[in-house]
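Order of listing sets the numbers, starting from 1, for every ligand and every atom in it.
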Amino acid sequence: MTQPLRMILIGPPGAGKGTQARLLTEKHNVVAISTGDLFRARVKDPNDPLGGEIRQILDAGKLVPDEITIRMISERLDQPDCKNGFILDGFPRSVAQAEALEKMLKEKGIKLDAVVQMEVDDDKLVERISGRFTCGKCGEGYHDKFKPPHDPAACDSCGAEDSFTRRSDDNAETVRSRLETYHSQTAPILPFYERLGMLKTVDGMAEMAAVTAQIEAVLCPNKGCDKIQPPKMG
Ligand code: AMP
């Protein structure tokens, strides 16, 4: 029987965590949980009383308070679609969040399989982030320079027209602040997971498919490992 896969992806903004999470979920039938996506959905929801406050925090490149973030993740992990496994993208982002996650997982009786760090050069990140955009319909990611769509007005993947969106925090000023936040608040969780013996590192500068292969290799160094499920058919 195949076992659920539960992992964390860590890396600075623009490392490709969202892209890898997406590829891995499609391939291995687990859900990706991105706290950034959850916050962006709250910003868009006119009925969310905290939407305006969260937007200001996102646009400043700062972290949303732990209390809100941790509760949101705890509720998300209780959803039935997490039973078969999950990939956390963007959480935890501070030592306090990592400690809260450890406690929460213990209480829920969940064991993490791996914590994967995607290493990238800081100076490449601003270029990567400031050119990126997404299809608002299917979520396919693009880049002005590295991955433009064949037809500039239509999504290669789902064909939707005029559906491309850019994140409001993907501008040079906010990106610099997000990078600073990563180094001062998020990078300290790396030694935390190293001490727990869970940290694996992959080269986030490699080609997209090569990064996926590296992640799969660190998850399951032995061929035939049952953490990796066969791709869904059809
Ligand atoms: P991301 O999509 O992961 O780049 O996240 C976008 C923004 O959402 C971040 O710059 C933060 O403002 C906020 N955010 C995402 N995850 C967290 C988290 N774990 N804790 C606090 N704020 C977060």
Side-chain angles (χ1 to χ4, degrees), residues 6-25 31-45 48 50-77 82 86-105 112 115-120 122 124-136 139-143 165-190 192-193 204:
R6 285 130 176 181
M7 65 174 283
I8 297 175
L9 270 180
I10 301 176
K17 303 184 295 295
T19 304
Q20 290 302 326
R22 212 168 111 85
L23 290 169
L24 288 163
T25 56
V31 289
I33 302 176
S34 152
T35 35
D37 282 350
L38 293 174
F39 286 133
R40 281 184 285 280
R42 294 187 62 166
V43 166
K44 273 199 207 145
D45 179 357
D48 191 322
L50 290 178
E53 198 183 315
I54 292 174
R55 177 170 196 125
Q56 282 181 10
I57 298 171
L58 262 58
D59 283 347
K62 306 270 187 243
L63 294 186
V64 176
D66 283 346
E67 194 197 316
I68 299 173
T69 311
I70 292 163
R71 193 174 50 233
M72 193 175 72
I73 279 289
S74 177
E75 288 171 2
R76 182 66 188 87
L77 290 177
C82 292
F86 52 80
I87 299 173
L88 291 180
D89 156 15
F91 184 90
R93 242 172 163 107
S94 66
V95 172
Q97 289 184 9
E99 287 169 349
L101 180 65
E102 277 298 295
K103 186 164 167 268
M104 185 195 302
L105 292 177
L112 273 183
V115 178
V116 177
Q117 176 201 10
M118 296 178 64
E119 257 184 343
V120 279
D122 258 19
K124 296 273 183 242
L125 291 174
V126 179
E127 186 186 33
R128 267 198 189 183
I129 297 178
S130 43
R132 70 184 182 180
F133 56 99
T134 312
C135 171
E140 183 72 17
Y142 293 95
H143 193 280
T165 59
R166 287 178 196 257
R167 285 171 45 171
S168 68
D169 60 349
D170 276 352
N171 61 77
E173 195 189 336
T174 309
V175 169
R176 268 191 292 276
S177 169
R178 287 161 64 199
L179 274 173
E180 252 175 60
T181 304
Y182 177 80
H183 288 297
S184 63
Q185 299 194 54
T186 306
I189 69 178
L190 299 171
F192 174 90
Y193 284 115

*Measuring from each atom of ligand 1, which residues have a heavy atom under 4.0 Å away?*
T35, G36, F39, R40, L58, K62, L63, V64, T69, G90, F91, R93, Q97, R167, D169, R178
Which side-chain N or O atoms in residues 9-17 pair as donor and acceptor under 3.5 Å with protein atoms at least two apart or in another chain?
from, atom 1, to, atom 2, distance (Å)
K17, NZ, G11, O, 2.9
K17, NZ, P12, O, 3.3

_Could you check whether atom CZ of R167 has more than 12 heavy atoms from other residues, nucleotides or ligands sitting under 6.0 Å from it?_
yes
*Candidate pair D59 and S168, rule side-chain hydrogen bond (donor to acceptor under 3.5 Å, both in side chains), full reasoning*: CA-CA 7 Å; D59 283 347; S168 68; 2.9 Å; yes
*Determine, for D170 against R178, whether the closest basic-nitrogen to carboxylate-oxygen distance falls under 4.0 angstrom.*
yes
*asked:* Under a 4.0 Å threshold between the charged nitrogen and the carboxylate oxygen, would R42 count as salt-bridged to D45?
replied: no
_Residues N171, I129; criterion side chain to side chain contact (heavy atoms under 4.5 Å, CB included); working and verdict_ = CA-CA 8 Å; N171 61 77; I129 297 178; over 6 Å; no
